[in-house]
K.L.:
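Mind looking over this structure? Questions follow.
No hydrogens, no waters, no symmetry mates; every other heavy atom, side chains included, goes into these values.
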Amino acid sequence: MSDKKYSFLLFAITKGLIEFIAEKYKIGVSDAMDLLYNSKTYAFLEDKNNGIWQFSKLFLFMLFDHEQKTGLFEIPEVIL
């Protein structure tokens, strides 16, 4: 996948994930953006080569939520 196509895909994934975070955490979109963009989850999502972009919005939220609660970014072994 080209970098241009991945940038568009990342934008779409991020937009949906931000809206989901805002809804679940009952916060504004701006606060949800700050949380996501400053997370290890997002840093990992930026790398197209690791394939995390293939996961559902719910699964990505679960990774993000786990990171927010524990400070750890972990992908379950079963998935890998």
K.L.:
Side chain of Asp65, backbone of Phe61: donor and acceptor closer than 3.5 Å?
P.N.:
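Between the backbone of Phe61 and the side chain of Asp65 there is no qualifying donor-acceptor contact (under 3.5 Å).
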K.L.:
Ignoring hydrogens and geometry, is there a side-chain-to-backbone donor-acceptor pair from Lys40 to Gly71 under 3.5 Å?
P.N.:
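Yes; judged by distance alone, with no hydrogens or angles, the pair exists.
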K.L.:
Tell me whether Leu9 is reachable from Phe11 by hopping between hydrophobic residues (I, L, V, M, F, W, Y) whose side-chain heavy atoms are closer than 4.5 Å.
P.N.:
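Shared cluster, no.
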K.L.:
Using every non-hydrogen atom in the two residues, find where Lys57 and Leu17 come nearest and quote the distance to one decimal.
P.N.:
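What the structure gives for the nearest pair is O-CD1, 3.8 Å.
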K.L.:
Just verifying a value: how many Å separate Thr14 OG1 and Met33 CE, rounded to the nearest 0.5 Å?
P.N.:
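Nearest 0.5 Å value for the OG1-CE distance: 9.5 Å.
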K.L.:
Run through Leu45, Leu10, Leu60 and flag the one making a side chain to side chain contact (heavy atoms under 4.5 Å, CB included) with Trp53.
P.N.:
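It is Leu45; the other options fail the test.
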K.L.:
Does the side-chain contact (heavy atoms from CB on, under 4.5 Å) test come out yes or no for Phe44 and Leu63, once each step is laid out?
P.N.:
CA-CA 11 Å; Phe44 203 75; Leu63 294 176; over 6 Å; no
K.L.:
Atom OG1 in Thr70, atom CD in Gln68: separation rounded to 0.5 Å?
P.N.:
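Rounded to the nearest 0.5 Å, the OG1-CD separation comes to 9.0 Å.
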K.L.:
Would you compute the distance between atom CG of Leu36 and atom OH of Tyr42 and round it to the nearest 0.5 angstrom?
P.N.:
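If I round to the nearest 0.5 Å, the distance is 7.0 Å.
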K.L.:
Looking only at non-hydrogen atoms, find the nearest pair between Ala32 and Ile18 and report the distance.
P.N.:
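Minimum heavy-atom separation between Ala32 and Ile18: CB-O, 3.6 Å.
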K.L.:
With rounding to the nearest 0.5 angstrom, report the CZ to CZ distance, Phe59 to Phe64.
P.N.:
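Taking CZ in Phe59 and CZ in Phe64, the distance rounds to 15.0 Å.
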K.L.:
First locate atom CD of Glu67, then atom CG of Leu35, and finally report the distance between them rounded to the nearest 0.5 Å.
P.N.:
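Going from CD on Glu67 over to CG on Leu35, the span is 9.5 Å.
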K.L.:
Let me confirm one number: the OG-CE distance from Ser56 to Met62, rounded to the nearest 0.5 Å.
P.N.:
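Going from the OG atom of Ser56 to the CE atom of Met62 covers 8.0 Å.
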K.L.:
Minimum heavy-atom separation for Glu46 to Tyr6, with atom names?
P.N.:
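Of all heavy-atom pairs spanning Glu46 and Tyr6, the closest is O-CE2, 3.6 Å.
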K.L.:
For Phe8, look at atom CZ and say whether over 12 heavy atoms of other residues, nucleotides or ligands are found less than 6.0 Å away.
P.N.:
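Count not over threshold, so no.
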K.L.:
Is there a side-chain contact (heavy atoms from CB on, under 4.5 Å) between Asp31 and Tyr25 once you walk through the steps?
P.N.:
CA-CA 10 Å; Asp31 290 334; Tyr25 281 29; over 6 Å; no
